[in-house]
Peer 1: 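Following this message is one structure expressed as structure tokens.
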Amino acid sequence: MGFIDSHILSFMTFLPLLGAAVILCAPKGKDETIKWIAAAASFLPVLLAVRLWFIYDRTLAGVNVASQFQFVEQYSWIPSINVEYFVGADGISMPMLLLTALLSFLAVIGSWGIDKKIRGYMALFLLLETGMMGTFISLDFFLFYVFWEVMLLPMYFLIGVWGGPRKEYAAIKFFLYTLAGSILMLIVLLALYFNTTNPETGAHTFNLLHYMSQSTHNGWLKGFDVRVLLFLGLFIGFAIKVPLFPFHTWLPDAHVEAPTAISVILAGVLLKMGTYGLMRISFPVFPDVTVYFALPMAILGVINIIYGALCAMAQSDLKKLVAYSSVSHMGFVLLGMAALTPLGMVGASLQMFSHGMITAMLFFLVGVVYDRAHHRQIDGFGGLGVVVPVYTAFVGFAFFASLGLPGMSGFIAEQMVFLGSFPVFRTLVIIGAVGIIFVAAFHLWALQRVFLGPLNPKYATLEEINAREIFCLAPLVVLILIVGVWPMPVLNLMNASLVRLVDLVKVVI
Amino acid sequence: MTLDKLLVIAAALFCCGLYTVMTRRNAVAVLMGVELILNATSINFVAFSFFLNRVMGGQIFAVFIIVLAAAEAAVALAIFLRMFSTTGTVEVDSADLLKG
Amino acid sequence: MIRYAYIIPFLPLLSFFINIAVGKRLPRKGDWLCLGTIAVALAMSIGIFYEVFRAYDPNFRYHLVFPWITVGDRALLNTGILIDNLTAVMLLVVTIVSTLVHLFSIGYMHGDPRYSRYFAYLSIFSFSMLGLVLAESFLFIYIFWELVGLSSYLLIGFWFEKKSASDAGKKAFIVNRVGDFGFLIGILIIYATCGVLGYDQVFLAIGEGKLSGTLLTLAGIGVFCGAIGKSAQFPLHVWLPDAMEGPTPVSALIHAATMVAAGVYLVGRVYPMFTPDAFLFIAYFGLITLFLTATIALAQNDIKKVLAYSTCSQLGYMVMGLGVGGYTAGLAHLTTHAAFKACLFLGSGSVIHAVHSQDIQEMGGLRKKMPITFVTFLIATLAISGVPGFSGFYSKDMILGAALEFGMKSASPLHMIFFIGALFTAGLTAFYMFRLVILTFFGAPKDHHKFDHAHESPPSMWVPLVILAGLSFSFWYSGWFGTLVQKPKSVANLAAISAPAKVATMEHAAVVAPAPHAEVEKTPHAAAPPVHGEGHGAAPAAHGGARDEASHDAHIAHKAHSIAMYSSVAVGSLGIFLAFVVYSFGWINPDRVMKAVKPLHNFLQNKWYFDELYEATVINGSKALSRGLYWFDLHVVDGLVNLTAQLGVFVSFLVGKFDDYVVDGAVNGLASATTGSGSVLRRLQTGKLYHYVFVLAGGALIIFLIKAF
Amino acid sequence: MFLGNLASLGYFLPEFAVTATILLLVVVHVVTKSPKSTTSGFLSLLGVGAAILLAGVAPAGAGRSIFEGMVAHDGFAVFFKVLTALATLVVIFMSMDSRDLAGRSQAEYYIFLLSTLLGMFLLSSATDIVMLYLALELVSIPSYLLAGYLKGQEKSTEAAMKYVVYGATASGVMIYGFSILFGLTGSTQIAEIGRSLAAGKATLPMLLAAVMVAVGFGYKIAAVPFHMWSPDVYEGAPTPATAFFSVGPKAAGFAVLVRFYYTVFAAAGPGTGLWSLTSAVDWPFLFAALSALTMTVGNLVAVKQNNVKRLLAYSSIAHAGYMLMGFVLLSSAGIKAILFYLVVYLFMNLGAFYVVVLVSNATLGEEISDFTGLGSRAPFAAVALAIFLFALTGIPPFSGFIGKVYLFAEVIHRGVYWLAVVAGLNSVVSLYYYARIVRAMFFEEPKDASAIPVPAVSAAMLVLLAAPTMILGVYWEPVARIAADSVRMLAF
Amino acid sequence: MSGPADFIFYAAAAVTVGAAILVAILPNILYAAVALLFSFAGVAGLYVLLSADFLAATQILVYVGGIIVLLLFAVFLSNRISEAKITNPTHFRLPAAAICLVLFGVLSYAAVSTPYAVKKGVYLPTTADIGELLMTRYLLPFEVASVLLLAALIGAAFLSRPDRAASVKGEMEEGKR
């Protein structure tokens with residue numbers, strides 16, 4: 001156990017990769033075996049995540065102090081340019097790690113029904129999981145970037161090969177958008193590299209923690225306007241992933257065309273990477289610039305909230321509606337972060353976590369009805385509540401969770417964001433709060449058009465949700481409820497780190 | 001007879017050659033232009049080697065230029081003939097199968 | 001007993017989960033489970049009430065608080081329960097009505113395909129409502145606020161196959177969300193300024209002046225917005241009538257007795273934080289609502305619609321009562337109203353159950369067929385009409401008195417309108433309620449087919465009626481209520497507010513002499529309330545400052561109340577008399593009245609003009625859409641809601657297009673620009689050798705020239 | 001100092017190996033009755049293999065100037081010899097697979113190939129302008145013949161015609177520049193030339209010379225505006241030859257470009273090799289502009305191509321542009337970046353062409369539409385091609401990304417941010433057209449789903465090419481060090 | 001040195017440049033070839049004046065004796081003799097002319113303005129020196145040149161050899177395209 005504990009993060013990251021390798025070597029025509037291998041390879045990280053939950057020390061803050069990170073592994077990778085394999089976990093990454101592990105496993109189960117080129121699908125998916133995990137554990141910017149990019153290819157193929165009718169367009173659009181963003185990130189990365197030095201060796205470094213201590217910055221990086229430029233470069237890179245208006249247009253296409261499980265991952269984990277990157281890199285490395293841009297970021301967040309909700313209301317495709325709703329929800333995250341108050345920051349982080357679960361549920365559910373009816377037109381249904389009561393109950397649960405009903409995680413996150421950011425941006429928050437009306441409106445509207453009212457005879461014999469699908473959804477339901485009623489366990493994970501983060505940023509004022 | 005005069009002559013030769021290359025449609029004529037350029041160059045070399053205290057490197061270079069010119073001409077003409085036998089013409093601008 | 005109070009809400013929650021999960025498989029589909037849990041809750045509430053009653057202390061307070069959300073090292077949000085006299089009373093009200101409705105539903109919903117789910121929903125509602133009552137902080141009342149909204153959504157849309165039903169549910173939820181938006185803003189203001197959300201902590205902070213002036217007023221109005229939505233006050237009252245699409249017991253429980261009263265309860269709960277301006281605001285909305293809806297109720301023919309509008313109207317009374325400073329009055333009316341309105345609804349339910357119709361035009365003479373229903377219904381009607389001896393009289397009279405008192409003390413004579421409006425509406429209430437009774441139970445049956453099939457309901461349905469009717473007598477309430485539920489002292493820092501001085505002094509006068517310390521300590525688990533402490537600090541000064549004025553005020557109050565009593569009795573009986581005259585004795589043929597007075601109305605103010613046309617429209621139910629109060633109601637207010645909805649949809653449509661064409665278009669444009677330039681550059685590759693050489697020479701030359709010069 | 005001719009022979013083994021093979025091929029061609037047999041192919045494989053071994057074992061040491069200062073024998077030269085020889089090796093395999101060349105007499109083809117290789121050896125080590133010119137022609141003339149090797153085909157012949165005329169003109173311009181340098185310094189030794197130029201002040205003729213020389217080298221590496229021959233030649237020539245052109249001569253071109261400018265125009269001394277002649281001439285901006293122009297033109301035009309060969313031709317122009325980024329400041333770090341990039345470029349580009357050969361063998365075509373559904377028809381080849389293409393795009397975890405990182409790092413380190421941004425946007429554009437092929441292969445259903453056979457040898461070659469492409473993306477320390485060393489030995 | 005030498009120089013220069021210009025502009029390719037011949041001869045003359053006797057000889061031999069003949073052969077082979085007019089059309093004149101003139105201006109300006117380290121040229125036979133250099137210092141280029149010539153030879157032979165199979169194959173593919 002000791003060995004595993006000390007390398008637990010690496011295990012979580014590379015076990016899926018191992019699984020992918022095994023799958024590629026699996027004999028032909030053994031589709032079932034492949035699925036089981038994939039399930040195992042994605043379930044082991046879940047077990048490790050549980051282990052992580054119990055052995056993680058909630059009192060250590062991390063963020064910018066190497067000694068306070070946990071499960072740290074630091075090996076020299078490319079000595080000539082000081083690239084390190086430097087990973088560790090703190091309160092910012094913990095929730096994301098747990099979320100990733102869980103959702104990936106559920107997604108594998110959720111894609112049990114895939115029959116086309118299952119081998120490639122599962123292999124790519126596991127590769128994707130490795131990329132996601134790696135991104136969340138990296139403390140070396142180069143490593144972070146590599147993992148960040150590693151996610152692109154699998155995602156591109158998963159959308160492009162197993163996607164819907166306009167898959168090619170969606171896939172390449174996603175790819176181009178994200179690559180453009182990451183190229184900017186690469187430039188910033190190199191600029192940081194050449195303008196910071198490792199205090200011990202005096203050599204240039206990719207170590208994120210070194211970037212955070214102003215003393216290691218030499219040359220022009222001390223100049224504010226340069227820092228502004230770098231911050232913006234990084235911010236755009238992350239904003240595309242979040243996605244923030246106006247960089248969000250890849251999202252609806254990608255979500256709509258992607259197969260169900262992939263939409264789940266896309267919305268559940270990938271979107272979080274943008275905000276995670278802001279928390280992990282942008283804020284602590286450029287505290288002064290962060291404060292300088294707090295208001296614009298908050299404005300963007302509010303725009304996302306309102307804009308996403310309105311767009312969602314206009315949709316006739318159920319999946320697109322859900323996609324836009326996540327645009328709206330990610331707006332809360334940014335708003336909360338921009339406030340730079342402990343409550344707001346924690347709220348943002350919790351919102352990331354809870355939105356991860358809620359939106360995953362939503363996409364699963366959309367997938368369920370799509371598998372049966374083979375379309376997602378909201379107006380094409382009607383009165384399904386009579387035929388598929390259980391399914392309806394799940395959808396109702398997910399929808400109410402998504403519209404921020406008390407007792408479910410979304411509500412707490414949103415309230416914390418509101419309470420945390422209102423003292424800072426009063427008018428903005430009031431405008432943003434209007435969002436709760438729109439959000440409620442489009443959710444209930446959709447709910448009614450699909451499930452309530454007179455039954456559409458076409459679907460009189462619609463098949464009820466099956467055990468496997470319930471198996472995917474049940475854990476999420478439970479978690480959403482637990483977090484919604486008693487969020488402290490999750491909050492305790494983040495508290496120390498996020499408070500430290502806020503102090504770190506605030507100190508420059 | 002001074003160095004700069006020679007250089008100017010070479011320059012003139014060079015430009016004529018370039019002009020020929022650019023304006024001729026007949027590949028053979030274009031090749032003539034190339035030859036002119038090469039000659040211009042070797043004039044330069046020889047002139048320099050004469051005026052710079054008899055550094056023989058220039059003349060050696062000129063020798064090699066002549067040699068290579070010959071080789072080049074041989075290959076080029078062979079290619080032109082092959083082209084003539086396949087397309088029935090050696091006009092360079094009729095050869096625009098490859099473009100875009 | 002009181003130390004177990006926190007258990008109460010979880011009992012129904014338990015039955016909810018069980019019933020949702022396995023309800024279908026339970027014997028009797030689990031209705032007994034829900035009934036049992038709520039009954040236990042009722043028992044506990046009675047126990048609590050008993051303790052509170054024994055303490056008999058106006059300032060009784062029981063706190064149970066523990067941290068809920070901790071960020072960093074300090075707890076930012078707490079959870080817990082607060083029990084004072086008001087809570088105890090509300091607990092009792094909610095559990096009693098809820099239990100009876102459960103009982104009633106067993107008969108009423110018998111044989112419904114989703115029987116067990118119905119009871120599950122009832123349970124989740126009871127859970128939310130009890131939580132709302134017990135909640136200790138603004139945040140948690142907001143939380144349960146939303147939850148009751150949810151359960152109301154579920155129950156209104158219970159028969160969701162009916163489009164109208166699901167529409168009504170959606171409408172109710174969204175309209176409430178609009179109110180909650182204001183509520184949320186109020187909470188945000190409070191938290192931003194005070195940094196806490198527990199009632200007493202907030203009052204303490206406000207007392208310290210952390211939040212004052214216009215901001216405080218705004219916070220108060222914001223919180224009141226929640227009440228507007230939930231208690232169906234103008235202009236958000238439009239959802240309540242539609243909500244009648246739900247099963248009748250639900251209407252009785254949620255949309256008459258408890259949930260809609262939550263708004264009033266909220267106002268009473270946070271009473272100390274309101275500034276005089278906020279009070280005026282509240283009072284005006286109450287007034288508009290009670291009058292508007294009463295006039296509408298005059299002419300409805302759907303038995304449940306009449307009751308719905310009358311509910312709005314009564315809620316208006318309560319809100320106005322609170323607004324004009326009649327704290328005890330408003331809350332007393334809440335309590336009494338819960339009983340008799342629930343009785344009325346359940347009665348209507350049993351009538352509907354009997355004749356399978358809701359149109360009073362098709363009823364008549366039912367008193368012979370269903371005597372128990374008739375008697376109970378009549379008692380409740382007498383109560384609502386404010387006939388002496390019945391509960392309605394007791395509470396409504398107090399409200400009228402408060403209104404009159406307010407008017408008399410107020411600087412501007414305009415404020416008399418509260419009393420006048422309320423008084424007049426009292427008459428209207430009596431009139432339309434008796435119109436209902438007469439058309440339903442008296443006279444000759446209009447639809448004999450229905451009449452012949454009518455029958456008395458089973459005991460499970462009439463027992464609740466009897467109990468509730470029993471609770472409609474005033475002796476239950478008179479005395480103790482006024483003592484236990486007393487107006488808390490306002491903590492608002494009035495310095496910054498330019499309100500009529502008299503209002504302020506009136507509030508001071510209303511402060512009762514604080515109870516001695518000993519008693520407070522005696523009360524079990526009682527945390528000395530800050531409000532009370534305030535009383536200690538400020539009350540003597542106030543008294544010293546205005547002792548003679550206080551006695552003067554007391555005199556005025558007495559006078560006002562006596563005037564109010566007589567006038568209300570008079571008006572009430574006048575209303576009843578008119579009702580009989582018109583609909584029973586037939587001395588006046590309603591239709592003939594219509595014809596006679598129509599020309600007259602052309603010379604009267606618009607209002608009456610609208611009223612009459614409104615009558616006409618209800619009689620042949622189509623022309624209503626364009627004129628009269630109904631027109632006003634249906635088109636302007638509801639229209640506003642729909643309009644905003646449509647606007648929202650439209651805007652969102654535009655935004656959607658914007659997203660497709662502009663934002664996305666920019667990206668695609670970029671792409672096409674790239675490829676375009678590609679094809680341009682590509683054209684350079686002509687395939688003509690001499691072009692290539694030309695570019696070579698030209699390129700070299702240009703580079704040279706750039707570099708050289 | 002300079003080694004005499006006899007003393008130098010020991011350091012000249014790779015060249016000997018190649019020359020010997022050429023002569024052997026001639027003999028074989030004369031004696032053998034079946035010119036179409038693959039013996040010559042195997043022979044040349046052996047020769048090149050031997051050359052690689054010899055180049056590898058021959059100790060470069062501190063670097064010495066041999067043959068009376070005609071050529072240098074140093075790490076830089078060895079690096080490029082191995083590189084080009086490797087490229088040739090792969091191309092030979094490719095040629096033996098190619099359908100274009102099947103059924104033609106083989107010997108000449110390999111003779112030309114090997115002469116080109118010899119030329120590249122010399123080009124990457126030449127330190128005397130005479131030698132340099134000869135080497136350049138030795139690379140060019142056989143290349144013309146390779147381009148025109150498909151005698152029957154108009155396209156091939158036309159390609160050869162354009163190539164020869166353009167090449168001759170370009171080299172003519174170049175040697176004119178040489179003549180001016182000779183005139184200024186009176187020496188044919190580039191080291192000499194560099195030294196006396198550093199002393200002299202004459203900027204105008206020097207600039208003239210520099211530009212004219214740049215024409216010659218720019219033509220070899222196909223840099224805008226001297227690139228226009230390449231797409232046509234690449235499309236017309238037999239695919240293996242195209243692959244060869246896009247790597248070998250390009251690499252050699254970079255070698256000579258770097259060596260020549262570094263020796264002649266840069267301040268002496270390793271590491272610090274920034275432009276010394278920035279007095280009147282803003283070299284960094286000049287080459288930055290060239291690089292930006294090159295990559296942009298290459299990418300933008302490539303977007304519009306439907307013929308994969310032509311598409312790759314333009315993309316290789318773009319890659320030349322990327323590599324020029326490393327040349328902008330003529331710093332040792334930049335040159336190291338170029339060397340590193342050449343290594344990864346070798347594998348990914350040749351790999352891509354290899355798959356193109358395999359596909360066109362089967363589908364008789366090189367249009368993108370011919371690649372439709374390759375993912376199901378020949379999964380292995382398709383995956384390999386996808387890897388190569390994404391490596392070319394520069395996406396982790398493939399080697400192309402690391403190469404780009406080094407190049408970006410150089411310009412960013414020197415503060416030429418705009419160039420970095422331009423390059424970044426360019427790689428986004430390049431993704432677009434590379435992805436078109438991937439999309440055709442995997443996202444679209446083929447018209448005929450018949451499987452495409454991939455010979456075992458070819459598969460092995462693909463693995464051999466794909467493995468470095470992936471491994472170097474994850475662990476590239478050794479190659480980076482080798483590149484660094486090669487740079488350090490450059491200045492002698 | 002004076003008069004006669006200068007006269008010869010100017011004559012040679014005039015012949016060289018004039019002929020070159022004729023090459024550039026003459027409409028008939030045969031005439032152009034002849035003009036080229038004169039230009040080469042002129043260059044040879046200049047070599048003599050520059051005391052490059054060996055070069056002059058090589059110039060005459062290789063160019064006049066070899067390349068020109070090759071060119072003429074090519075001209076005849078690449079034109080159907082049957083149709084008498086062997087024209088040499090041109091195009092794209094103005095831009096080309098513009099570029100060339102500017103280039104000429106630049107080159108000659110550079111030539112004139114640059115202070116070359118000019119010494120007094122001396123007249124000595126060069127053949128021996130060249131021969132020695134080719135055997136010692138420039139041995140490697142000499143040898144490489146041989147390889148190059150070999151390759152060129154083979155190439156020329158390969159291209160001129162008719163390759164029926166391939167051409168048939170080629171046409172087949174043309175057909176397919």
Side-chain angles (χ1 to χ4, degrees), chain B residues 1-9 11-20 22-29 31-33 35-36 39 42-43 46-54 56 59-60 62-64 66-75 77-82 84 86 90 93, chain E residues 5-6 9 13 16-17 20-21 23-24 29 32-33 36 39-40 43 46-47 49-52 55 58-59 62 66-67 70-71 74-75 77-78 88-93 96-97 100 103-104 107-108 111-112 116-119 121-122 126 129-130 133 138 141 145 148-149 152 155-156 159-160:
Chain B
M1 181 179 72
T2 56
L3 177 60
D4 46 10
K5 292 205 186 71
L6 281 159
L7 294 185
V8 173
I9 294 172
L13 219 56
F14 181 82
C15 295
C16 293
L18 203 57
Y19 179 81
T20 317
M22 276 191 275
T23 53
R24 292 300 193 180
R25 282 163 71 178
N26 187 315
V28 183
L31 191 62
M32 297 182 185
E35 299 299 344
L36 279 180
N39 271 274
S42 39
I43 289 180
V46 176
F48 282 128
S49 71
F50 177 72
F51 282 98
L52 301 182
N53 204 359
R54 203 153 174 278
M56 291 314 287
Q59 295 209 8
I60 299 286
V63 170
F64 281 110
I66 295 175
V67 172
L68 293 184
E72 222 164 38
V75 171
L77 290 172
I79 290 174
F80 295 161
L81 289 180
R82 168 55 59 179
F84 181 74
T86 33
V90 288
D93 60 349
Chain E
D6 277 352
F9 168 70
T16 312
V17 177
I21 294 173
V23 172
I29 190 164
L36 187 66
S39 179
F40 287 159
V43 174
L46 290 176
Y47 288 164
L49 288 176
L50 293 170
S51 101
L55 266 178
T58 328
Q59 174 86 358
V62 175
I67 296 180
L70 267 180
L71 286 172
V75 171
L77 287 176
S78 65
N88 181 17
T90 62
H91 47 60
F92 205 64
R93 286 204 200 77
C100 291
L103 197 62
F104 178 67
L107 288 177
S108 39
V112 177
Y116 291 102
V118 179
K119 306 265 181 344
V122 288
T126 58
D129 305 356
I130 292 178
L133 280 172
Y138 293 95
L148 176 58
L149 286 173
L159 281 179
S160 0

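Since we're looking at a predicted model, the values are computed, not measured. Heavy atoms only: backbone and side chains are in, while hydrogens, waters and symmetry mates are out. In what follows, chains carry the letters A, B, and so on, assigned in the order in which the sequence lines appear, proteins first and then strands, with residues in each chain numbered from 1.
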Peer 1: Answer yes or no: is there a side-chain heavy-atom contact under 4.5 Å between B:F48 and B:L7?
Peer 2: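 With C-beta onward as the side chain, the pair touches.
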
Peer 1: Measuring from E:L70:CG to B:L77:CG, what's the distance to the nearest 0.5 Å?
Peer 2: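 If we round to the nearest 0.5 Å, E:L70:CG and B:L77:CG are 5.5 Å apart.
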
Peer 1: Is the shortest side-chain heavy-atom distance between E:S39 and B:N39 below 4.5 Å?
Peer 2: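 Result no, sub-4.5 Å side-chain heavy-atom pair not found.
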
Peer 1: Quick one: of B:I66, B:D4, B:L81, who has the most non-hydrogen atom pairs under 4.5 Å with chain E?
Peer 2: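 When all of B:I66, B:D4, B:L81 are compared, B:I66 has the most.
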
Peer 1: State, with a plain yes or no, whether a side-chain heavy atom of E:F9 is found less than 4.5 Å away from one of B:I9.
Peer 2: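 They are in contact (side-chain heavy atoms under 4.5 Å apart), so the answer is yes.
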
Peer 1: If we define contacts as heavy-atom pairs under 4.5 Å, which of B:L6, B:V75, B:L68 has the most with chain E?
Peer 2: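 With the most close heavy-atom pairs to chain E, the winner is B:L6.
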
Peer 1: Any side-chain heavy atom of E:I29 sitting closer than 4.5 Å to one from B:M32?
Peer 2: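 Of all side-chain heavy-atom pairs linking B:M32 with E:I29, at least one is under 4.5 Å.
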
Peer 1: So for B:S42, is it side chain, backbone, both, or neither that comes closer than 4.5 Å to the heavy atoms of chain E?
Peer 2: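 Contact with chain E: backbone and side chain both.
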
Peer 1: Specify which of B:T2, B:T86, B:T20 makes the most heavy-atom pairs with chain E at under 4.5 Å.
Peer 2: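 If we count pairs closer than 4.5 Å to chain E, B:T20 comes out on top.
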
Peer 1: Below 4.5 Å from any heavy atom of chain E, which atoms of B:F64 appear? Answer side chain, backbone, both or neither.
Peer 2: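 B:F64 touches chain E through side-chain heavy atoms alone.
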
Peer 1: With a 4.5 angstrom heavy-atom cut-off, could you sort out which part of E:V62 is near chain B: side chain, backbone, both or neither?
Peer 2: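 Side chain only.
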
Peer 1: Checking E:I67 against chain B: side chain, backbone, both or neither under 4.5 Å from a heavy atom?
Peer 2: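 Only the side chain of E:I67 comes within 4.5 Å of chain B.
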
Peer 1: Can you say whether B:A27 sits under 4.5 Å from chain E via the side chain, the backbone, both, or neither, judging by heavy atoms?
Peer 2: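 No part of it gets close to chain E.
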
Peer 1: Mind ranking E:A13, E:P141, E:G66 by heavy-atom pairs under 4.5 Å with chain B and telling me who comes out on top?
Peer 2: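 Of the options given, most contacts go to E:P141.
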
Peer 1: Side chain from CB out, backbone as N, CA, C, O: work out which of these in E:A145 comes under 4.5 Å of a heavy atom of chain B, or both, or neither.
Peer 2: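 Just its side chain gets close to chain B.
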
Peer 1: Top residue by heavy-atom pair count (under 4.5 Å) with chain B, among E:V118, E:L103, E:L55?
Peer 2: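 Among the listed options, the one with the most contacts to chain B is E:L55.
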
Peer 1: Is any side-chain heavy atom of E:V43 closer than 4.5 Å to one of B:I43?
Peer 2: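 Touching, per the 4.5 Å side-chain cut-off.
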
Peer 1: To the nearest 0.5 Å, how far apart are CZ in B:R24 and OH in B:Y19?
Peer 2: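 Output value for this atom pair is 8.0 Å.
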
Peer 1: Would you please test B:L31 and B:F80 for side chain to side chain contact (heavy atoms under 4.5 Å, CB included) and show each step?
Peer 2: CA-CA 10 Å; B:L31 191 62; B:F80 295 161; 4.1 Å; yes

Peer 1: By a 4.5 Å heavy-atom criterion (distance strictly below it), what part of B:L3 contacts chain E: side chain, backbone, both, or neither?
Peer 2: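 B:L3 touches chain E through side-chain heavy atoms alone.
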
Peer 1: Can you tell me which portion of E:L50 sits under 4.5 Å from chain B's heavy atoms? Options are side chain, backbone, both or neither.
Peer 2: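 Backbone plus side chain of E:L50, per the 4.5 Å heavy-atom cut-off to chain B.
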
Peer 1: Given 3.5 Å as the limit, does a donor-acceptor pair link the side chain of B:R82 with the main chain of E:L159, or not?
Peer 2: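 Answer holds: yes.
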
